Amino acid sequence: MSETDSPLESPIIIEKMDHRHHRYPCCIVWTPIPLLTWLFPIIGHVGIGNTSGVIRDFAGPYFVSEDNMAFGWPTKYWALDPYKAKGGPTSFDRCVSMASEEYMGRMHNLFCDNCHSHVAMALNLMHYDSSTSWNMVKVCCMIMIHGHYVSFAGLLKTWLPFVCIAGGITALICLL
């Protein structure tokens with residue numbers, strides 16, 4: 001038991017990942033945003049799962065959804081280690097809740113205070129991986145580098161529209 005754990009607290013049991021029921025414990029999850037992701041496939045919507053796998057995402061002005069992502073279920077996930085949060089799994093859950101409470105009082109801004117910022121705040125509050133320098137760009141880059149598609153269908157949902165649009169534009173240019 002670490003010094004941050006209280007002997008009176010019951011231990012948190014971290015659930016297993018369950019793609020079928022959309023449970024992603026201690027994960028950052030990503031899903032495409034129609035039109036935007038079709039043109040720029042690295043841009044999408046993110047949320048963060050608590051230790052039981054319930055996803056929280058900053059879905060719009062003054063609204064953080066729970067277990068109902070704004071643009072559909074995740075197509076990609078990055079599994080985090082809850083023991084890299086200062087205070088372990090208990091702190092992980094508390095910080096996800098604290099960030100969500102904060103973002104329930106914020107206006108959504110596509111460019112500078114968005115779903116990525118919400119996840120970054122949760123990571124900063126928990127001092128994930130001994131860091132408090134998480135931001136929306138770092139979250140985006142890390143899910144691109146460390147993320148895994150939930151299925152082949154998730155990969156297609158992410159990349160097929162872009163490939164079709166790029167192929168169509170290329171064909172048009174070649175015909176001209």
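Given the structure is predicted, the values throughout are model-derived calculations rather than measurements. The figures that follow rest on heavy atoms only: side chains count, while hydrogens, waters and symmetry mates do not.
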Visitor: State whether a side-chain donor-acceptor pair under 3.5 Å links Asp81 with Tyr128.
Guide: no
Visitor: Counting distance only, does the side-chain N/O of Asn135 pair as donor-acceptor with the main-chain N or O of Ala120 below 3.5 Å?
Guide: no
Visitor: Quick check against the 3.5 Å criterion: does Asp93 have a side-chain atom that pairs as donor or acceptor with the backbone of Thr51?
Guide: yes
Visitor: Should His118 and Arg56 count as side-chain neighbours, where that means a heavy-atom distance under 4.5 Å?
Guide: yes
Visitor: Ignoring hydrogens and angles, write down the donor-acceptor pairs under 3.5 Å from the side chains of residues 41-50, residues two or more places apart or on other chains.
Guide:
residue	atom	partner	partner atom	Å
His45	NE2	Asp57	OD2	2.5
Asn50	OD1	Ser52	N	3.0
Asn50	OD1	Ser52	OG	2.8
Asn50	OD1	Gly53	N	3.1
Asn50	OD1	Val54	N	3.1

Visitor: Hey, does Pro34 have a side-chain heavy atom less than 4.5 Å from the side chain of Phe71?
Guide: yes
Visitor: Calculate, to the nearest 0.5 Å, the distance between atoms NZ and OG belonging to Lys138 and Ser131 respectively.
Guide: 3.5 Å
Visitor: Look up atom CD1 in Ile143 and atom CD1 in Ile145, then write down how far apart they are to the nearest 0.5 Å.
Guide: 11.0 Å
Visitor: Please report the closest heavy-atom contact between Asn68 and Ser65, naming both atoms and the distance.
Guide: O-OG, 3.0 Å
Visitor: In terms of hydrophobic clusters joined by side-chain contacts under 4.5 Å, are Val150 and Ile55 together?
Guide: yes
Visitor: I'd like to know if Phe63 and Met107 are part of one continuous hydrophobic network [Ile/Leu/Val/Met/Phe/Trp/Tyr, side-chain heavy atoms within less than 4.5 Å].
Guide: no
Visitor: Does any part of the side chain of Tyr62, heavy atoms only, come nearer than 4.5 Å to the side chain of Arg106, both counted from C-beta?
Guide: no
Visitor: With a 4.5 Å heavy-atom cut-off, do His21 and Asp18 have their side chains touching?
Guide: yes
Visitor: Starting from the C-alpha separation in whole Å, work towards a yes-or-no answer on side chain to side chain contact (heavy atoms under 4.5 Å, CB included) for Trp73 and Val29.
Guide: CA-CA 9 Å; Trp73 293 114; Val29 294; over 6 Å; no
Visitor: Should Leu39 and Ile169 be counted in the same cluster of Ile, Leu, Val, Met, Phe, Trp and Tyr side chains packed under 4.5 Å apart?
Guide: yes
Visitor: Should the pair Arg23-Asp67 be classified as a salt bridge under the 4.0 Å nitrogen-to-oxygen rule?
Guide: yes
Visitor: Going hydrophobic residue to hydrophobic residue with side-chain gaps under 4.5 angstrom, can you get from Met142 over to Met17?
Guide: no
Visitor: Is the shortest side-chain heavy-atom distance between Ser117 and Tyr103 below 4.5 Å?
Guide: yes
Visitor: In sequence, state the C-alpha distance, the side-chain angles, and the governing distance for Trp30 and Thr37, and then conclude on side chain to side chain contact (heavy atoms under 4.5 Å, CB included).
Guide: CA-CA 11 Å; Trp30 185 94; Thr37 305; 3.8 Å; yes
Visitor: Do the side chains of Ser91 and Arg94 get nearer than 4.5 Å, heavy atoms only?
Guide: yes
Visitor: Under 3.5 Å, which donor-acceptor pairs link side chains of residues 153-163 to any protein atom two or more places apart or in another chain?
Guide:
residue	atom	partner	partner atom	Å
Thr158	OG1	Thr75	OG1	3.4
Thr158	OG1	Gly154	O	2.9
Trp159	NE1	Tyr149	OH	2.7

Visitor: Establish whether Met144 and Trp38 are linked, either directly or via other cluster members, by ILVMFWY side-chain heavy-atom contacts under 4.5 Å.
Guide: yes
Visitor: Can you list everything that forms a ring pair (Phe, Tyr, Trp, His ring centres under 6.0 Å) with His148? Sequence neighbours excluded, please.
Guide: Tyr77
Visitor: Distance from Cys27 atom SG to Lys76 atom NZ, nearest 0.5 Å?
Guide: 13.5 Å
Visitor: For Trp134 and Trp78, take the angle between the two ring planes, folded into 0 to 90°, and tell me which bin it lands in: parallel under 30, tilted 30 to 60, perpendicular over 60.
Guide: tilted
Visitor: Looking at side-chain heavy atoms only, is the closest gap between His108 and Asn114 below 4.5 Å?
Guide: yes
Visitor: From Ser100 OG over to Met121 CE, what is the distance, rounded to the nearest 0.5 angstrom?
Guide: 10.0 Å
Visitor: Would you mind reporting whether Met126 and Lys86 have side-chain heavy atoms less than 4.5 Å apart?
Guide: no
Visitor: Can you tell me how far the CG atom of Asp129 sits from the CG atom of Leu123, to the nearest 0.5 Å?
Guide: 9.5 Å
Visitor: Distance alone, cut at 3.5 Å: any donor-acceptor contact between the side chains of His19 and Ser151?
Guide: no
Visitor: NE2 of His116 to CZ of Phe58: how many Å apart, nearest 0.5 Å?
Guide: 13.0 Å
